[in-house]
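Heads up, the thing below is written out as structure tokens.
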Amino acid sequence: MLERRHPDLTKNREVIIRVRGVEVGFGEKTILKGLDLDVYRGEILGFVGGSGQGKSVLTRAILGLVRKRAGTIEVLGRNLDELSSDERRQLERHWGVLFQQGALFSALTVKQNIQVPMREYLHLSDRLLDELAMLKIEMVGLSPDAADKLPSELSGGMIKRAALARALALDPEIVFLDEPTSGLDPIGAGEFDDLIATLQRTLGLTVFMVTHDLDSLYSVCDRIAALGEGKILAEGPIEAMLASDHPWLRSYFHGKRARAVMTGGAQG
Amino acid sequence: MAQGTLAQGPDMTIDRAGGQTTIRLSGPWTAPHAQRVEALVGEIEAEADHFPVLFDLSGVERLDTLGAWTLDRTRHELSAKGQADFANASPEQKILLEEAAYRDFEGEPKPRHARSVDFLVDVGQSVAGAGKDLVGGVGFLGELVAAMVRVVIHPRRFRGTAVINQLEQIAYRGVPIIVLISFLVGCIVSQQGIFQLVKFGATPFVVDLIGILVLRELGVLLTSIMVAGRSGSAFTAEIGSMKMREEIDALRVMGLDPIEVLIVPRILALIIGLPLLTFIASIAALVGGGLTTWVYGGISPDIFLDRLRAAVGMNTFLVGLIKAPFMAVVIGIIATLEGMAVAGSAESLGRHVTSSVVKAIFMVIVLDGLFAMFFAAINY
């Protein structure tokens, strides 16, 4: 089992993503109502919240896929609204995204998928391009013969791994994971959690993980932020979540499923 | 942030003091500096000649998988000649160097065949593919007929709403474009006809030309081609994307026959819709032809209609109409088969939609030719 590090919470740590007063809505409906959130360098942040509360919306707002109505988002100390398109491209090299369904390009093999961002941004010799793609494939725990397969020939777990390899292609500083363990069996999900923790340590990643998986929250997340009513209800390590008396958090972390994970975790 | 790292790229100094080579690396050894990194390791390989070789990492600001991989690969290649090691790596760098340790990725180059062999393989595969298409088509026709018979025996299983819905998509919404195209083609044919026939002083015969050509061939052909493009492609895309998302499998496990639910209504709608559209198209082409003969040939609509009545018999009209349902079946079967053949990727969907339209248009024209021979043979 991986040991969980307890970072000295907010003190002296570089804020890598700073979200302030972000409002996002569609039509009449406002989903995020002035949300504030800090993500610190080198941590694994678990982002939880009920369905439809806007977890994905916040992720997409940070990534620039959804327009926000108000507020600022700073990534690596740069305000995203003030960047020219060139600067933005520069910045985008520093993050990788694992979409929920993988979003691998279906016409390309796994290896080609991983090479897409490399070809676009880096000047590599063909040899290095191949070697690095194979290295990423091995790092995420896929066998080398998966390299020449098309996404349609992969299982759900392999798709997630391949998509993670693509997200890591440019050695990003921040990785966004949208429900990385959804659709995986418990063993596969556990392995994936371990993989994320290992990669986070070796590559010094900052991980922003949207998840529903209580196991992930317990085993790999340094800090958890809970979203509700368009704002952050609570943030902090798992202990703080457990201690919170907000009704939603209580039912989330003290429900039947959560208790099962907790007792299991205590034994293991 | 970005500027700072770009300004100072990776660098190194090579020191050959004391019978060994010490390579002092500095700066960021990361992906954005890939070109420089590759150049530097090339230099190392060329210049490190005194063993043992020591890579001093103390000056490295940042290391990522690209840097770690290229360094360890170089170390590995040098170690074939003598000792090569890393020194002064920070704990994080050590982990990374281990994670990105050099390994041989086997089975890389695929055997390449000669062009001529590839060409022959391609030809063989296409012939085999065409044969499979034919067998598949006939097999599917059988399934389709069986499904239709089932529907006839159990009329409750007939999906009237679906047929009407498809009929709207195929026939009703297709009327404007088909009318427009047929009208224009009617105009063009009659104009050219007049220009040629006037040389023989036989201008009035343009009415015969238009009447027979449009009713026998053009109306049904234009309609079929348009329907293949409009509705055939839509069928393939609909059925193909349903296949991709396992919707077809979902139907099957619910005990519903996809052929009965999805395909029979579409093909029935085609069989009903195509003759209707053919009729409309023929009329539009005749109107276009009539107007043009009036403008270019000075034949008034009254005379046009009189001559038309004399020139075409019921058989001319029926020849066109009889062909329409057959065209419908061909278009429907090809579109469905292509849709069912879609696998996995978006590219595959695109390829099958294209090939559905191309094959359908090709088969429609071939079928029209066969009908022409048939009707000539029976003198109809």
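Worth saying up front: this structure is predicted, and the values here are computed from it rather than measured. Chain letters run A, B, ... following the sequence lines, proteins first and then strands; every chain starts at 1.
The pair Asp38(A)-Arg223(A) does not meet the salt-bridge criterion, since no charged nitrogen lies less than 4.0 angstrom from a carboxylate oxygen. Ionic pairing of Asp72(B) and Arg75(B) is present here: one or more N-O contacts between side-chain nitrogen and carboxylate oxygen are shorter than 4.0 angstrom.
If you tally non-hydrogen atom pairs under 4.5 Å between each of Gln93(B), Glu347(B), Lys94(B), Glu38(B) and chain A, the highest count goes to Glu38(B). The residue among Leu150(A), Leu168(A), Leu124(A), Asp145(A) with the most heavy atom pairs within less than 4.5 Å of chain B is Leu124(A). For chain B, the option among Glu138(A), Met118(A), Lys136(A), Glu153(A) with the highest count of heavy-atom pairs below 4.5 Å is Glu138(A).
Residue Leu135(A) touches chain B through both its backbone and its side chain, counting heavy-atom pairs closer than 4.5 Å. Interface remark: Gln35(B) contributes backbone and side-chain atoms alike to the contact with chain A (heavy atom separation under 4.5 Å). Residue Thr70(B) touches chain A through its side chain alone, counting heavy-atom pairs closer than 4.5 Å.
Under the 6.0 Å distance and 45° angle rule, Arg166(A) counts as a cation-pi partner of Phe105(A). In this structure, Arg266(B) satisfies the cation-pi test against Phe235(B), with its NZ or CZ atom closer than 6.0 Å to the six-membered ring centre and inside 45 degrees of the ring normal.
Under the 3.5 Å distance criterion, with hydrogens and angles disregarded, a donor-acceptor pair is assigned to the side chains of Asp171(A) and Thr65(B).
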